[in-house]
Amino acid sequence: MNKKNEITQELLETIERFLNNTMEATEKIQFEKLMQKDEVLKQQVEDIKTLLTGIETASLREKMEELHQHFERTIPVRSITQNNRTNNRLFYTIAASFLLLLGIFWIFKSQSSNTQLFDDYFYADPGLPTTMGNGMDFNFYDGMVNYKRKEYDVALEKWKALLIEKNNNDTLNYFIGVTYLAQGNTEKAILFLEKVTSQEESIFFEDSNYYLGLSNLKNNNIDLAKENFRKSNKPESLKLLNTLEKK
């Protein structure tokens, strides 16, 4: 696959949701319209569909036996030694290809499973009561109003301005991290949530570990996710931890 057709992790997850019919109706309509305009995207969807369908519907053992029988039927025996070497070389080459495809399938399947767990357990923090004060309090709660309206970009703009003078403020870092996670930006979410999980005295310590665990889970950093869930007392953390331990 050339650089033009490279598929990012985010796009792969989107395509997978589309193929599995787990998209919401509005998102599916928008994605289908985008496919109609973008031939590269359309081809990427077909490539992933072909790959997953082919691997899921075929048994590796059956395929290998069929190939082996096919070679025995179609390749004439002129020189037993020479043909055996050729057949074995070709057989093992194709076997390696199928094993590679199978490995890719299990990677996709594992990533898909982690993404599904994230989708099942993620919910945005409900936020704090929007009681207006003055100074930083006013600006913070003004941003909280935007946050509750899911106007995430506006909330981030207001909160990050406050963060300039209060870089280690656990409340600001927590809600900025959770907001980025609600937007699907796990890398930035981790950056801010880690500042809170380093402060064990913070009232957001448990919740931060939960959302940090979800961020690492979506990024397929399972060991880090487990570590975060162990530090959180939320019931969801225990359920996720039990599920991950069984993998």
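- Annotation: the span from Leu172 atom CG to Glu165 atom CD amounts to 11.0 Å, rounded to 0.5 Å.
- Other residues, nucleotides and ligands place more than 12 heavy atoms under 6.0 Å from the NZ atom of Lys148.
- Distance check: Asp142 CG to Trp159 CH2 gives 10.5 Å after rounding to the nearest 0.5 Å.
- When side chains are defined from C-beta on, Asp119 does not count as touching Thr22, because their heavy atoms never get closer than 4.5 Å.
- The shortest side-chain heavy-atom distance between Asn209 and Phe229 does not fall under the 4.5 Å cut-off.
- Arg17 is listed as a side-chain neighbour of Glu27, based on a closest heavy-atom distance under 4.5 Å.
- In this structure, Thr179 OG1 and Lys188 NZ are separated by 12.5 Å, a value rounded to the nearest 0.5 Å.
- Inter-residue side-chain proximity for Lys42 and Glu39 is flagged as met; some heavy-atom pair is nearer than 4.5 Å.
- Within the model, atoms CG of Asn185 and NZ of Lys218 stand 9.5 Å from one another, a figure rounded to the nearest 0.5 Å.
- Using a 4.5 Å cut-off on side-chain heavy atoms (C-beta onward), Leu128 and Phe140 make contact.
- At distances below 3.5 Å, at least one donor-acceptor pair connects side-chain atoms of Thr14 with backbone N or O atoms of Glu10.
- Between Tyr210 and Tyr123, the ring planes lie tilted relative to each other; the angle falls in the 30° to 60° range.
- Of the charged side-chain nitrogens involved, at least one lies within less than 4.0 Å of a carboxylate oxygen, so that Arg230 and Glu245 count as a salt-bridged pair.
- Side chain of Asp125 to main chain of Gly127: a donor-acceptor pair is present (N/O by atom type, distance under 3.5 Å, no hydrogens or angles).
- Between Phe175 and Met144 there is a side-chain heavy-atom pair separated by less than 4.5 Å.
- One distance of note links CG of Asn233 with CG of Leu238; it measures 10.5 Å at 0.5 Å rounding.
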Step-by-step side chain to side chain donor-acceptor pair (under 3.5 Å) determination, Asn20 to Glu16 = CA-CA 6 Å; Asn20 290 334; Glu16 186 178 61; 4.6 Å; no

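- No path of Ile, Leu, Val, Met, Phe, Trp and Tyr side chains, each step under 4.5 Å between heavy atoms, connects Val154 with Leu181, placing them in separate hydrophobic clusters.
- There is a path of hydrophobic side-chain contacts, each under 4.5 Å, that joins Phe122 to Ile222.
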Worked check of salt bridge (charged side-chain N to carboxylate O under 4.0 Å, His left out) between Lys28 and Glu24 | CA-CA 6 Å; Lys28 184 177 181 180; Glu24 293 183 358; over 6 Å; no

Test log, rule side chain to side chain donor-acceptor pair (under 3.5 Å), inputs Thr186 and Ser215 | CA-CA 5 Å; Thr186 53; Ser215 301; over 6 Å; no

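- For the pair Asn173 (side chain) and Asn167 (backbone), a donor-acceptor distance under 3.5 Å is present.
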Step-by-step salt bridge (charged side-chain N to carboxylate O under 4.0 Å, His left out) determination, Glu206 to Lys234 | CA-CA 7 Å; Glu206 305 284 351; Lys234 295 176 72 68; over 6 Å; no

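- Here the side chain of Asp38 pairs a donor or acceptor atom with the backbone of Val40 at under 3.5 angstrom.
- Looking only at distances, a side-chain donor or acceptor of Ser208 sits under 3.5 Å from a matching main-chain atom of Phe204.
- Distance alone, capped at 3.5 Å, places no donor-acceptor pair between the Ser202 side chain and the Gln199 backbone.
- Tracing side-chain contacts under 4.5 Å through hydrophobic residues (I, L, V, M, F, W, Y), one never reaches Leu191 starting from Leu224; they form parts of separate clusters.
- Among all heavy-atom pairs drawn from Ile203 and Asp170, the shortest one is N-OD2, 4.1 Å.
- Scanning both residues, Gly213 and Ala225, for their nearest heavy atoms gives O-CB, 3.5 Å.
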Between Tyr180 and Leu156, is a side chain to side chain contact (heavy atoms under 4.5 Å, CB included) present by the stated rule, with each step listed?
-> CA-CA 8 Å; Tyr180 273 124; Leu156 285 171; 3.7 Å; yes

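- Two different hydrophobic clusters hold Phe205 and Tyr211 under the rule that ILVMFWY side chains link at heavy-atom gaps under 4.5 Å.
- For Tyr152 and Tyr147, the gap between ring centers is short of 6.0 Å.
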Output, in order, the C-alpha distance, side-chain angles, deciding distance and verdict of side chain to side chain donor-acceptor pair (under 3.5 Å) for Asn146 and Lys158.
-> CA-CA 9 Å; Asn146 299 118; Lys158 294 176 181 178; 2.7 Å; yes

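- Connection of Ile164 to Phe138 is not established within any shared hydrophobic cluster, with ILVMFWY side chains joined at heavy-atom distances below 4.5 Å, either directly or through further cluster members.
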Derivation and outcome, side chain to side chain contact (heavy atoms under 4.5 Å, CB included), residues Val145 and Tyr141 = CA-CA 6 Å; Val145 172; Tyr141 287 111; 5.9 Å; no

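- Interatomic distance, Asn228 CG to Leu240 CG, rounded to the nearest 0.5 Å: 11.5 Å.
- The shortest distance between side-chain heavy atoms of Met35 and Val45 falls below 4.5 Å.
- The environment of CD in Glu151 is crowded: more than 12 heavy-atom neighbours from other residues, nucleotides or ligands sit within 6.0 Å.
- Within the 4.5 Å cutoff, the side chain of Asn216 has heavy atoms near those of the Ile190 side chain.
- A side-chain donor-acceptor contact under 3.5 Å links Thr197 to the backbone of Glu194.
- Of the residues Val196, Asn169, Leu163, Leu193, the one that meets the side chain to side chain contact (heavy atoms under 4.5 Å, CB included) test with Ile176 is Leu163.
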